[in-house]
Colleague: 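Following this message is one structure expressed as structure tokens.
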Amino acid sequence: MIEYREFGAEELSRVQALYEDAGWTAYLGGPDKLARAFAMSLYVLGAFRNGMLVGFVRCVGDGAHIVYVQDLIVDRPYRRQGIGRDLLWKAREAYRHVRMFALMTDASDGNANAFYQTMKMKSCKDAGLTAYFW
């Protein structure tokens with residue numbers, strides 16, 4: 001059984017392990033920086049099985065007009081069990097009042113893109129939008 005709850009710094013070592021396993025090495029540059037990022041996040045929800053963090057969603061934004069999903073990650077053995085869907089849906093429900101609920105993923109990641117499409121999310125291209133970044 002999966003338990004969903006907010007969490008904090010007590011889980012950062014497990015968060016680092018999830019990032020490392022997924023190959024998201026940009027997050028592994030320093031534990032202080034990662035702790036600060038989580039502390040300043042708008043919303044962090046974890047999926048726990050038998051007390052162990054197996055996935056999480058982390059959102060940033062102002063909570064009024066924009067919420068941006070910074071991270072959505074599920075440990076490999078727990079993928080394709082609805083955990084990612086539940087995490088994303090719970091984050092969306094918590095901020096259903098905002099004007100824009102957004103995220104960015106690699107265009108070449110077919111699994112991620114198919115997942116977000118099954119969640120009825122629209123690509124910027126499909127909505128007549130574009131995105132810019134530095």
Side-chain angles (χ1 to χ4, degrees):
M1 182 173 167
I2 300 296
E3 173 195 2
Y4 296 94
R5 63 177 166 83
E6 294 184 51
F7 68 93
E10 73 280 359
E11 294 291 342
L12 282 183
S13 63
R14 181 70 182 134
V15 165
Q16 288 175 305
L18 290 170
Y19 282 138
E20 189 170 0
D21 184 58
W24 294 10
T25 58
Y27 291 95
L28 303 175
D32 291 343
K33 190 174 183 180
L34 185 60
R36 192 168 52 254
F38 269 73
M40 297 189 73
S41 295
L42 181 64
Y43 183 74
V44 179
L45 184 71
F48 293 83
R49 183 163 190 275
N50 297 326
M52 184 177 78
L53 181 69
V54 298
F56 66 90
V57 62
R58 180 171 74 93
C59 301
V60 297
D62 60 24
H65 293 279
I66 181 94
V67 170
Y68 183 86
V69 177
Q70 180 64 39
D71 306 313
L72 175 62
I73 189 165
V74 176
D75 200 4
R76 289 180 200 273
Y78 297 94
R79 292 181 188 166
R80 299 194 178 273
Q81 297 178 30
I83 296 170
R85 178 197 65 225
D86 289 350
L87 287 166
L88 188 59
W89 187 249
K90 287 176 185 298
R92 177 67 180 120
E93 281 298 300
Y95 293 97
R96 64 184 166 275
H97 60 277
V98 300
R99 187 173 58 89
M100 177 76 67
F101 188 87
L103 60 85
M104 188 178 345
T105 193
D106 294 333
S108 63
D109 187 338
N111 288 333
N113 285 287
F115 169 73
Y116 295 122
Q117 289 168 8
T118 65
M119 296 294 293
K120 307 292 186 221
M121 296 186 83
K122 296 178 183 175
S123 73
C124 286
K125 180 181 171 185
D126 293 341
L129 302 170
T130 192
Y132 298 92
F133 68 94
W134 267 318

Colleague: When you measure from the side chain of R85 to the backbone N and O of L88, does any donor-acceptor pair fall under 3.5 Å?
Modeller: no
Colleague: Quick one: side-chain hydrogen bond (donor to acceptor under 3.5 Å, both in side chains) pairs with a partner in residues 56-69, sequence neighbours left out?
Modeller: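 Output for this query lists S41-R58, R58-D71.
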Colleague: Suppose clustering is done on Ile, Leu, Val, Met, Phe, Trp and Tyr with side-chain heavy atoms closer than 4.5 Å. Which residues sit in the same group as Y132?
Modeller: none
Colleague: Can you list the residues that meet the ring pair (Phe, Tyr, Trp, His ring centres under 6.0 Å) rule with F38, with sequence neighbours excluded?
Modeller: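 Result, ring pair (Phe, Tyr, Trp, His ring centres under 6.0 Å) vs F38: F56.
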Colleague: Find out whether D86 and I2 are in side-chain contact, i.e. whether some heavy atom of one side chain is under 4.5 Å from a heavy atom of the other.
Modeller: no
Colleague: Going by the rule side-chain hydrogen bond (donor to acceptor under 3.5 Å, both in side chains), which residues pair with Y78 if we only count those two or more places apart in sequence or in a different chain?
Modeller: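 Residues passing side-chain hydrogen bond (donor to acceptor under 3.5 Å, both in side chains) with Y78: none at all.
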Colleague: With E3, which residues qualify under salt bridge (charged side-chain N to carboxylate O under 4.0 Å, His left out), at least two apart?
Modeller: R5
Colleague: Could you identify which residues cluster with I66, counting Ile, Leu, Val, Met, Phe, Trp and Tyr as linked when any side-chain heavy atoms lie under 4.5 Å apart, either directly or through a chain of such contacts?
Modeller: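 Listed partners: M100.
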Colleague: Can you name the side-chain hydrogen bond (donor to acceptor under 3.5 Å, both in side chains) partners of D126, sequence neighbours left out?
Modeller: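 So D126 forms a side-chain hydrogen bond (donor to acceptor under 3.5 Å, both in side chains) with S123.
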Colleague: In the hydrophobic clustering (ILVMFWY, side-chain contacts below 4.5 Å, transitive), which residues join M1, or is it alone?
Modeller: none
Colleague: Could you tell me which residues satisfy side chain to side chain contact (heavy atoms under 4.5 Å, CB included) with A94, sequence neighbours excluded, listed by chain and number?
Modeller: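 By the side chain to side chain contact (heavy atoms under 4.5 Å, CB included) rule, A94 matches Y43.
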Colleague: Applying side-chain hydrogen bond (donor to acceptor under 3.5 Å, both in side chains), name anything that partners R76, two or more places apart in sequence or on another chain.
Modeller: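 Result, side-chain hydrogen bond (donor to acceptor under 3.5 Å, both in side chains) vs R76: D21.
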Colleague: Any side-chain hydrogen bond (donor to acceptor under 3.5 Å, both in side chains) involving residues 7-18? Give me the pairs, sequence neighbours left out, ordered by first then second residue.
Modeller: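 Sorted result for residues 7-18: R14-D75.
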Colleague: Check the surroundings of atom CH2 in W24: do more than 12 heavy atoms from other residues, nucleotides or ligands lie under 6.0 Å from it?
Modeller: yes
Colleague: Enumerate the salt bridge (Lys or Arg N to Asp or Glu O under 4.0 Å) contacts for residues 24-34, please, sequence neighbours excluded, ordered by first and then second residue.
Modeller: none
Colleague: Going through the distances and angles, do K90 and E93 end up as a salt bridge (charged side-chain N to carboxylate O under 4.0 Å, His left out)?
Modeller: CA-CA 5 Å; K90 287 176 185 298; E93 281 298 300; over 6 Å; no
